[in-house]
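Note sheet for the following structure.
All of these numbers come straight from a predicted model, not from anything done at the bench.
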Amino acid sequence: MPPRRPAGPVSFPAQLRGETELRGVVERTVFASEDGGFQVVRFRPDGEEALVTLAGSLPGVTPGEPIHARGEWKLHRQHGATFEVESYLPILPESPEMIAAYLGSGLVKGIGPSYAKRIVDHFGAETLDVLDHAPERLAEVSGLGRKRGEAVTKAWQDHRQTHEIMMVLAKYGLSPALARRLFRHYGAEAAGVLKANPYRAGTEVHGVGFATADRIAAGLGIARDAPERIAAALAHVLVQANDDGNTCLARETLLSRAIELLGLEAEAVEKVLDEEVARARRLREIELPDGCRAIFLPGMYLAESGAARLLRSLLDSARPLPVTDLDARLDAFEARYRFTLAAQQRDAIRAALRGGVTVVTGGPGTGKTTLVRALLHVLDGAGVQVALCSPTGRAAQRLAETTHRPASTIHRLLKFNAQLRRFTHGPDNPLPHQLLIADESSMLDVPLAYHLLGALRAGTAVVFVGDADQLPSVGPGNVLHDLIASGRPQVVRLNVIFRQASRSAIIVNSHRINEGHMPDFSPPEGGETDFFFVERDNPQAVQQALVEMVGTRIPRRFGFDPVTDVQVLTPMRRGELGTNELNRVLQEALNPDRTRGAAGGAPFAVGDKVIQNSNNYDLEVFNGDVGRVVSTSVESMTFRVVFGNRPVEYRWDETDQLTLAYAVTIHKSQGSEYPAVVVLLHTQHYVMLRRNLLYTAVTRGKKLVVLIGNKRALRLAVEQDAGDERLSALGQWLVRPPGEGRLAGV
């Protein structure tokens, strides 16, 4: 659905046309971008009956909240006459009506609209003064009760303290959302931390970053060549490199990027780098076996060198699994399931039974799942304890369904202890299993691999199963690729497509794409295809075709639910065909009855499809988990999301962990499988178009794949077979341990 344009002539509110500052109350949210950086809200200025539209950087603002906004009036192509916000501050309301709306909006936990009305009806314009200075008077309010009154008093005091600290933090140019995040992390000490060393917040609080810390530091008079500024920039560049998938950076690369970021001479930056390396506290310099002088953050060095050490130990302590009459057991499996194993599959099973570390890789339809089932079958009755796991919840669920055995995410297998903030299973409390099978291992990053391997006993057999041609992990490292490239584990490549799989155009075209050939969209003789291409060149036409395909055509023809069964995938987050905009369009089409304003500021509407963006060990929800919002509560300021069959309750201030998931990036879809996927490919996505990106997207579809976009973008994606190189050391260290190279700064 293309963006709507205002109908007819649009005029600015005459009485507000020249204003550059507005005070009033946010009534409802019209649109919020995926990252929360841009919002469009309907706003009631003080003394005005009519609502106006505000748009801009309004992160964290919620309906019912009074704000003081600065900006200017502009004509927006979609929203018409709009006050474009440059900055804003939360303010306290003054009139009884505004106070009631404020307290009942959900901003103050435990006070919903009904209790807010009772309190304000009793105290009127003096309500906030009573809450501040005489909260015991809440006992005068009929029906409130002592316990409720005490809860309201505490909630108000917490809110008041947060508000006051946010006002202080706003002086540093922080958005209210970022100020709230700092307050959650540091409490009442937030302002003091910023004043003492803003770069500390830049490394310790997600979302602050170097640029924000640097702006605050400049305002505090910290010199541009101050050692703490240079050290923070070096760490920031490495964190960015980790976010891009690298575990480390070459010394020259780190220096050049830091020099560009800081705007300083090379000599000053190199001096601080050498000092940081000498301390070996914040940076580690290691000469890799290939001669590269690599710089690591300490935690990443520990994880990657540790993973290499643990893998070598498992390889050196390999113990065969106790299985006799293997051929007879495999024959029995074939007879029971009326399936003939390929020679490669039998080879992989023999390799796994020899113990040590085995890698099984292959594309769709080559029998990876059948191989795992056969391996489990031959181990039945052998007294071998087996753990089945995968990096994501969806992949673990699929593994359990296909093998008919218990399977879990790696995080749940290791059992995170929320109180101790670490995994229960580790070197001091290893897992009891003799065999571990890790599915979807292309998604396994270095830190998670380190924790998993560290929880295994000596002699445990490990089988990594995955498709090495898919995108590498979202997190740092390239574990599956490095394992194969090292030549140390036993590696079995499955490349024979089974006959029943070859009937699927999805599987046939997946292999065509992986081999660098354009997909074939012609339907098979006497049958229907499960692979389609809808050609659209104009981005708005792509949006329109997408809404029609997901909302109408696919459900009508194939019977799939447009929200639970169909997943829209796109290469990027930004732009007309990125997840931010597509989620707005699809939410409007697929959840039209949402009552965002009436929900009292709830961050999501009931029925919304959402995805977790970070690991939350306390809630046991992990990056990439997809769920549906089933309820919201204004009074408790919580909302409930169901992941699979498991309900999870979030506070409203935890909203930044979730985003809408009607459309997700292809990277986010790794390890998941959906009945139907709709993939957008357009030249707008030029910088992201790669063969393994398209291959990963197509292989997410189980029964139906629809590509929408232009042929040029499709051809670019198929032909481009480079661009995902990562700097990591795991493969080198499997061959030659880091202790055999030169370690600097140790």
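For the atom pair CZ (Arg23) and CZ (Arg70), the distance works out to 9.5 Å, reported to the nearest 0.5 Å. In this structure, Lys117 NZ and Glu97 CD are separated by 11.0 Å, a value rounded to the nearest 0.5 Å. The line from CZ of Arg118 to CG of Leu103 is 14.5 Å long, rounded to the nearest 0.5 Å. Taking CZ of Arg394 as the start and OG1 of Thr392 as the end, the distance is 8.5 Å to the nearest 0.5 Å. Atoms CD and CD, from Glu136 and Glu140 in turn, are 8.5 Å apart once rounded to the nearest 0.5 Å. In this structure, NE2 on His411 lies 11.0 Å from CG on Leu413, to the nearest 0.5 angstrom.
Remark: Asp214 does not engage Arg224 in a salt bridge, criterion side-chain N to carboxylate O under 4.0 Å. Taking the charged nitrogens against the carboxylate oxygens, Arg44 and Glu27 do have a contact shorter than 4.0 Å, which makes a salt bridge. With salt bridges taken as basic N to acidic carboxylate O contacts below 4.0 Å, none links Glu150 and Lys147.
Side-chain atoms of Gln567 and Lys668 form no donor-acceptor pair, as typed in the model, at a separation below 3.5 Å. Donor-acceptor pairing under 3.5 Å is recorded for the side chains of Gln612 and Tyr650. Checked by atom type, the side-chain pair Gln657/Asn616 shows a donor-acceptor distance below 3.5 Å.
For Glu126, the CD atom counts as loosely surrounded, since its 6.0 Å shell holds 12 or fewer non-hydrogen atoms of other residues, nucleotides or ligands. The number of heavy-atom neighbours closer than 6.0 Å to CZ of Arg422, taken from other residues, nucleotides and ligands shown, is 12 or below. Heavy atoms from other residues, nucleotides or ligands lying under 6.0 Å from CD of Glu21 number more than 12.
Ala233 and Leu261 get closest at one heavy-atom pair: CB-CD2, 3.9 Å. When all heavy atoms of Leu138 and Gly149 are compared, the pair lying nearest together is CD1-O, 3.6 Å. For the residue pair Val550 and Pro562, the shortest heavy atom distance occurs at O-CB, 3.2 Å. The minimum heavy-atom distance linking Ala303 with Pro447 is given by the pair CB-CA, 4.1 Å. Taking both residues in full, the closest heavy atoms of Lys609 and Val563 are given as NZ-O, 2.8 Å, listed atom of the first, atom of the second, then distance. Across all non-hydrogen atoms, the minimal contact from Ala55 to Val40 is CB-CG2, 4.0 Å.
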Inset, instruction - Apply side chain to side chain contact (heavy atoms under 4.5 Å, CB included) to the pair Leu54 and Leu22, showing each step before the final yes or no. - result: CA-CA 10 Å; Leu54 268 60; Leu22 294 179; 4.3 Å; yes
Legend entry - side chain to side chain contact (heavy atoms under 4.5 Å, CB included) evaluation trace for Glu588 with Val547: CA-CA 10 Å; Glu588 187 173 291; Val547 171; over 6 Å; no
Inset, instruction - For the pair Tyr186 and Val205, evaluate side chain to side chain contact (heavy atoms under 4.5 Å, CB included) and give the outcome as yes or no after the intermediate values. - result: CA-CA 9 Å; Tyr186 296 117; Val205 181; 3.6 Å; yes
Inset, instruction - Could you please spell out the steps behind the side chain to side chain contact (heavy atoms under 4.5 Å, CB included) verdict for Phe423 and Ile410? - result: CA-CA 11 Å; Phe423 290 112; Ile410 295 172; over 6 Å; no
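Checking Asn591, Thr659, Thr632, Leu658 one by one against Phe604, the side-chain contact (heavy atoms from CB on, under 4.5 Å) holds for a single residue, Leu658. With Phe83 as the fixed residue, the ring pair (Phe, Tyr, Trp, His ring centres under 6.0 Å) test singles out one of Phe43, Trp73, Tyr88: Trp73. Screening Val606, Asp608, Val641, Val642 against Val630 for a side-chain contact (heavy atoms from CB on, under 4.5 Å) leaves a single residue, Val642.
The closest side-chain heavy-atom distance from Asp129 to Phe123 is not below 4.5 Å. Side chains of Val621 and Arg646 form a contact here, defined as non-hydrogen atoms less than 4.5 Å apart. Contact annotation: the side chain of Asp445 never approaches that of Pro391 to less than 4.5 Å [non-hydrogen atoms, C-beta and beyond]. Side-chain contact between Val664 and Leu569 is present, with at least one heavy-atom pair separated by less than 4.5 Å. For the pair Tyr115/Val152, no side-chain contact is recorded, criterion being any heavy-atom separation below 4.5 Å from C-beta on. At a threshold of 4.5 Å between non-hydrogen side-chain atoms, the residues Trp156 and Val130 do not count as touching. In this structure, Ile222 and Ile216 have side chains that are not in contact, with every pair of non-hydrogen atoms separated by 4.5 Å or more. Taking 4.5 Å as the limit, some side-chain heavy atom of Pro476 sits within range of a side-chain heavy atom of Met300.
A donor-acceptor pair under 3.5 Å links the side-chain atoms of Thr570 to the main chain of Leu577, judged by distance alone. Formation of a donor-acceptor pair under 3.5 Å by the Arg412 side chain with backbone atoms of Glu620 is found in this model. The main-chain N or O of Lys415 is found under 3.5 Å from a side-chain atom of Thr424 such that the two form a donor-acceptor pair.
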